[in-house]
Amino acid sequence: RGPIVVAHDGSAAADAVLAPARAWAHACDLPLVLVYACHPLDTAAPVHPDAALEDARRRLGPSARLEVVPASFAAGAIRDLAHELDASLVALATHGRTGAAAVSMGKVASWVTRESPCPVLVVRPPTLSG
């Protein structure tokens, strides 16, 4: 039984996956691996994600491991890491992006769901309405 791979891009929307992933890991007694794989053309990604990622790792728990994977195709990097680690589950948030951002990212959550070597948990962040 491999770890739960938690994909995070350093954004606040990606934080929506942290609590469900931690709950699944606790319930199934599985380790957590937080992965940061960001497409270089994603203008919506934070410029300095280090603090956000460290906060996300902390929120997953003291034994969570952080893997930084530079990738031109984030979805493929997530899939490849899940395969390499023999992951039990991939967990990620969907951003619901549209237009150019969705095209350049290849709709990461959708692609990972189709191509993952294991089950995928997709969490939709709460809408931020004023």
Side-chain angles (χ1 to χ4, degrees):
R1 295 182 347 159
I4 293 177
V5 172
V6 182
H8 200 292
D9 66 2
S11 70
D15 286 345
V17 75
L18 300 176
R22 184 175 179 164
W24 275 81
H26 180 73
C28 298
D29 194 27
L30 294 171
L32 288 158
V33 176
L34 179 66
V35 61
Y36 174 68
C38 185
H39 191 289
L41 298 178
D42 184 11
T43 58
V47 177
H48 301 290
D50 297 342
L53 292 171
E54 185 52 37
D55 181 60
R57 191 204 57 76
R58 182 188 53 74
R59 290 170 59 190
L60 286 174
S63 63
R65 187 172 99 221
L66 173 61
E67 290 276 338
V68 177
V69 181
S72 60
F73 184 50
I78 294 164
R79 183 226 25 226
D80 292 349
L81 183 63
H83 179 74
E84 177 185 319
L85 297 176
D86 194 24
S88 295
L89 180 74
V90 172
L92 70 164
T94 182
H95 291 274
R97 292 183 179 138
T98 59
V103 171
S104 71
M105 286 299 292
K107 299 182 181 179
V108 172
S110 176
W111 196 93
V112 170
T113 300
R114 285 192 317 274
E115 301 294 329
S116 176
C118 61
V120 177
L121 171 67
V122 179
V123 177
R124 184 177 183 156
T127 57
L128 302 174
S129 58

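Starting from 1, each residue takes its place in the sequence as its number.
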Can you sort out the partners of Arg124 under salt bridge (charged side-chain N to carboxylate O under 4.0 Å, His left out), two or more places apart, ordered by chain and number?
-> none
Correct closest heavy-atom pair for Ala37 and Ala77 would be CB-CB, 4.0 Å
Pro119 versus Leu89: any side-chain heavy-atom pair under 4.5 Å?
-> yes
For Pro117, which residues count as a side-chain contact (heavy atoms from CB on, under 4.5 Å) partner, sequence neighbours excluded?
-> Arg79, Ala82, His83
Atom pair CG/CG of Leu32 and Leu66 - distance to nearest 0.5 Å | 12.0 Å
Distance col, row Asp9:CG vs Leu92:CG, nearest 0.5 angstrom, shows 9.5 Å
Heavy-atom closest pair, residues Trp111 and Ala75 = CE3-CB, 3.4 Å
Donor-acceptor pairs are to be reported for all side-chain atoms of residues 15-29 against protein atoms at under 3.5 Å, with residues two or more places apart or in another chain.
residue	atom	partner	partner atom	Å
Asp15	OD1	His8	NE2	2.7
Asp15	OD2	Arg59	NH1	3.3
Arg22	NH1	Arg59	O	2.9

Under the side-chain contact (heavy atoms from CB on, under 4.5 Å) rule, collect the residues that match up with Ser116, sequence neighbours excluded.
-> Val90, Val112, Cys118, Val120
Only counting residues at least two apart or in another chain, list the ones meeting side-chain hydrogen bond (donor to acceptor under 3.5 Å, both in side chains) with Asp55.
-> Arg58
Across all chains, not counting sequence neighbours, the salt bridge (charged side-chain N to carboxylate O under 4.0 Å, His left out) partners of Glu67 are Arg65
Which pair of heavy atoms, one from Ala14 and one from Ala93, lies closest together, and at what distance?
-> CA-CB, 3.9 Å
Can you see which heavy atom on Leu30 is nearest to which on Gly2, and at what distance?
-> CD2-O, 3.4 Å
Approximate separation, where rounding is to 0.5 Å, of Asp80 CG and Glu115 CD | 10.5 Å
